Amino acid sequence: MSACTPTRHDDPHRKEHSHEPHSPPSPRPRGPRLTGADVSASIAVFLIALPLSLGIALATGAPLQAGLVAAAVGGVVVGRLGGAPLQVSGPAAGLTVVTAELIQRYGWRTTCAITVLAGLAQLGLGLLRVARTALAVSPAIVHGMLAGIGVTIAVAQLHIVLGGTPHSSVLLNLRDLPAQLARVQTAALSVSALTLCLLLAWPRLPGRAGRLLRVVPAPLVAVTGATTSAALLGFGLPKVDLPSWSSHALAGLPEGPTLGLIAAVLTITLVCSVQSLLGAVAVDKMVAARPALSGRVRRADLDRELLGQGAANVVSGTLGGLPVAGVAVRSTANVNAGAVSRNSTMLHGVLVVIAALLMVPILELIPLASLAALVMAVGIQMVSLHHIRTVTRHREVLVYAVTTVGVVFLGVLEGVALGIGMAVAVALHRLTRTRITHHEKEGVHHVHVRGQLTFLAVPRLSRTLHLVPQGVHAVVELDGSFMDHAAYESLQDWQSTQTAHGGTVELVGRRTGVRIGEPTGPAGLHPDGGTTAPDSSGCRCHPWTPWRNHQCAIPESGGPAQRSNAETTTARAPEDTEHTEPSGLTTKLGALGALGTPGATVDASAPPSSPRAPDATTPTANQLARGISAFQRNTAPLVRSELARLAREGQQPSQLFLTCADSRLVTSMITSSGPGDLFVVRNVGNLVPPPGEESGDDSVAAAIEYAVDVLRVRSITVCGHSGCGAMQALLAADQDTAQTPLRRWLRYGGPSVARMADGSRPAARLAGRAAADTVEQLCLTNVIQQLEHLRAHDSVSRALRAGELELHGMYFHVGEAQAYLLSEVHEGEVFDHVGVADLTA
């Protein structure tokens, strides 16, 4: 939602339309309106689907009409009932091997019955709403399954390309391949080679003419060119044979062993469901990458998609069609062609029906060798190098390879089962692979545990811990998120023994970046298998702390006043921090006569301590050094490659984020951003001085000009927050107070105070409630006022007029960890709740 200042209406009788913060937005009105984009997209998808459907039917050994039936049913039924509006369904190459095996074993009519039963199983799974469970399957298994199917398809179709007939087994096809090469048919090979050349070259046509020609899909060009060449050269090749629809075979009663039929139904259900659901997720990502579509197309409803696929398989099997699933090639073409609704998918199905009834004489001119080459290319593309690189990077190449080999030589169901077993074995191996090292440095013994501490690692942990002499200082660094009871007992017993002999033990959790135990205390482990500080009331760190360098314990060096201040700060409860300001700002605001803040840690009237440069022995220097050391050890290896890329390419942020200097606002955490994403300007009170002020401050204006004119950011966000000390100072400031630098700076917040006091304006509020108090009211009003100051800057106004920039207002409630965005949907100035339901893929 845009967060610029909303338009206000003066009609007092207008009703406000709002929804609960966690409820989804009200659905858009539905209508059968057919747009030009949907029509053009449906034609593009139809031209791709027609030859592919015939080719897949040929590869399975099914009647060729079965491919057209599946394409029509997939378009019309799934297009109307499915949950992914832009996903196109039909006969999928991923089902070729399974269907061919079923036809060989049970015959065509029983295969249709198996398709119907698989559709009923999908309907049951959709009603149980377990669609997202299918996404729990490792991507390495899915990619391995598709790669295995692709290899099987390519090897089988190679025989037809060479002018022969394929066998039902990959091993038999590989065994007979040398003999087939010896008796290759020149005509079939020529037509197939021409098909492949056109298929590969057409998308790469250069120049403006190439861009215009590429509107015609490459599969259609390849098959049309090969068919025309074969006819002109007079090749006597086997061609498509579409018998009369009156003799088309429909589904019959299933015949065969019960266990075999059940296994077949489960296989069809598994492959169809996983492929369709993963395809729906992929289509969501493609739509999200197209800003013109993301606001008009809803995200996929996976349970509804499963219901739509089940209904399509029931209809397709009953009418004598192939199994139906979401197809990546057609779905990609649909999105790239600019489709905006499910009408494109449905219209493509209608076009397939028309072609199947009226274009039979033209379809029967297509050589089977051309269709075989087309399907062979699809099979080769299913072995994706991108997928191989991805699984290799994630150390799952073994799962991928086992699944692929299993599918090729044993079958789809067996290969997937092998892949799942290998994935479980790899996960167990990673769980038990714990590395424990020990070294001594400057008299301190360091024990580093990398991995999860389970009972399997206890013997190694015990041996390593006993390498540490008694009575020395030891540091144990736990780099893992799990510790079972056996490991906890072992570590606790050793720690108790070590401290009993005069030694000290310091436990450091590298994963959370916190110091877990005091070096002088025996405690440090929590009985639940986690770790905690000796005094839980004095440490507020938790294992879920998102930032790594947060420090809990401050060494016992320094004066009593320093220790007292540190203890007060670390003991502050999270729920109290909303009304507590950082000590430096509290001191300054106290001089301005600000309202007393509960829990303040610094007395403004206390005399300042004598200035002293921090050295390596001061608590501040130690804390800084520890934080830097933790960054170099933990975070730097993870971000080094990304920072190196940014160093080479320069910064290209998409947003200017202007917020308060309050230490509780972690901008990267709130916005889930990383290096190079945000250009951040922070100041006291998130103020934007208007341009042209005498003796004004140019630092913010310079940052705005640089961000808009040089960095070309697309949006600017002004973010306020709850319990802002600057807003408290504005409310409580005495006009007779001396004009200190802080006082002079806060004058830019004066218009916000005046705006809030203006009774003619509607009060800014949060969605569902008014401001909790005057301070929060001013915080909200200040965001809106600073947006007006922002629009007055020349660079911003130019970019807004050109449509190159958006302005957003944001309010962050510290105590609730909740963000609100200024909305232009509501009447008045309302900050809308942002929840998980608002996220898009």
Side-chain angles (χ1 to χ4, degrees), residues 23-34 38 41-42 45 49 70-92 94-95 118-137 142 268-290 293-316 323-335 339-349 836-841:
S23 64
S26 57
R28 300 182 180 92
R30 298 180 181 178
R33 188 166 61 99
L34 188 63
D38 284 333
S42 66
V45 176
V73 171
V76 176
V77 177
V78 181
R80 181 65 186 88
L81 303 178
L86 299 190
Q87 176 166 246
V88 183
S89 299
L95 296 164
L120 293 174
Q122 287 181 296
L123 288 173
L125 293 175
L127 293 174
L128 293 175
R129 306 186 67 82
V130 297
R132 291 204 171 268
T133 306
L135 301 182
V137 179
V142 177
I268 293 289
T269 303
L270 171 68
V271 177
C272 286
S273 301
V274 172
Q275 181 170 340
S276 300
L277 295 176
L278 292 176
V281 174
V283 169
D284 272 351
K285 294 179 180 178
M286 286 189 287
V287 171
R290 298 284 301 274
L293 295 180
S294 59
R296 306 176 62 181
V297 181
R298 292 186 179 183
R299 293 183 60 193
D301 182 339
L302 297 185
D303 292 306
R304 179 178 173 181
E305 179 67 14
L306 198 54
L307 290 171
Q309 296 291 340
N313 275 314
V314 171
V315 175
S316 180
V324 171
V327 185
V329 176
R330 288 170 235 186
S331 301
T332 303
N334 195 34
V335 175
V340 295
S341 73
R342 60 180 71 247
N343 291 330
S344 65
T345 303
M346 297 170 62
L347 182 57
H348 123 270
V836 177
D838 301 311
L839 300 179
T840 57

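Along the sequence shown, the residues carry numbers beginning at 1. This structure is a prediction, so every number in the text was calculated from the model and none was measured.
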>> Can you tell me how far apart CG (Leu95) and CD (Gln275) are? Round to the nearest 0.5 Å.
In response: 5.5 Å
> Could you give the distance from CD (Gln309) to CG (Leu125), rounded to the nearest 0.5 Å?
Replying inline: 12.5 Å
> Looking at residues at least two apart in the chain, or sitting in another chain, which of them share a side chain to side chain contact (heavy atoms under 4.5 Å, CB included) with Val314?
Replying inline: Val116, Leu120, Leu123, Thr318
> Side chains of Gln87 and Ser276: do they bring a donor and an acceptor to under 3.5 Å?
Replying inline: no
Do [X] and [Y] touch side chain to side chain, with heavy atoms closer than 4.5 Å?
X      : Y      : value
Val78  : Glu305 : yes
Gln122 : Cys272 : yes
Leu86  : Thr345 : no
Leu81  : Leu307 : no

Closest approach of [X] and [Y], non-hydrogen atoms and distance?
X      : Y      : answer
Arg342 : Arg80  : NH1-O, 3.7 Å
Leu277 : Leu302 : CD2-O, 3.6 Å
Ser344 : Ser341 : OG-O, 3.2 Å
Thr269 : Ala121 : OG1-CB, 3.7 Å
Ser89  : Val324 : CB-CG1, 3.8 Å
Ala312 : Val73  : O-CG1, 3.4 Å

>> Among Val130, Leu278, Ile268, Leu306, which residue satisfies the side-chain contact (heavy atoms from CB on, under 4.5 Å) criterion with Ser273?
In response: Leu306
>> For Val88, is there any backbone N or O sitting under 3.5 Å from a side-chain donor or acceptor partner on Ser331?
In response: yes
> Any salt bridge (charged side-chain N to carboxylate O under 4.0 Å, His left out) pairs touching residues 120-129, not counting sequence neighbours?
Replying inline: Arg129-Asp303
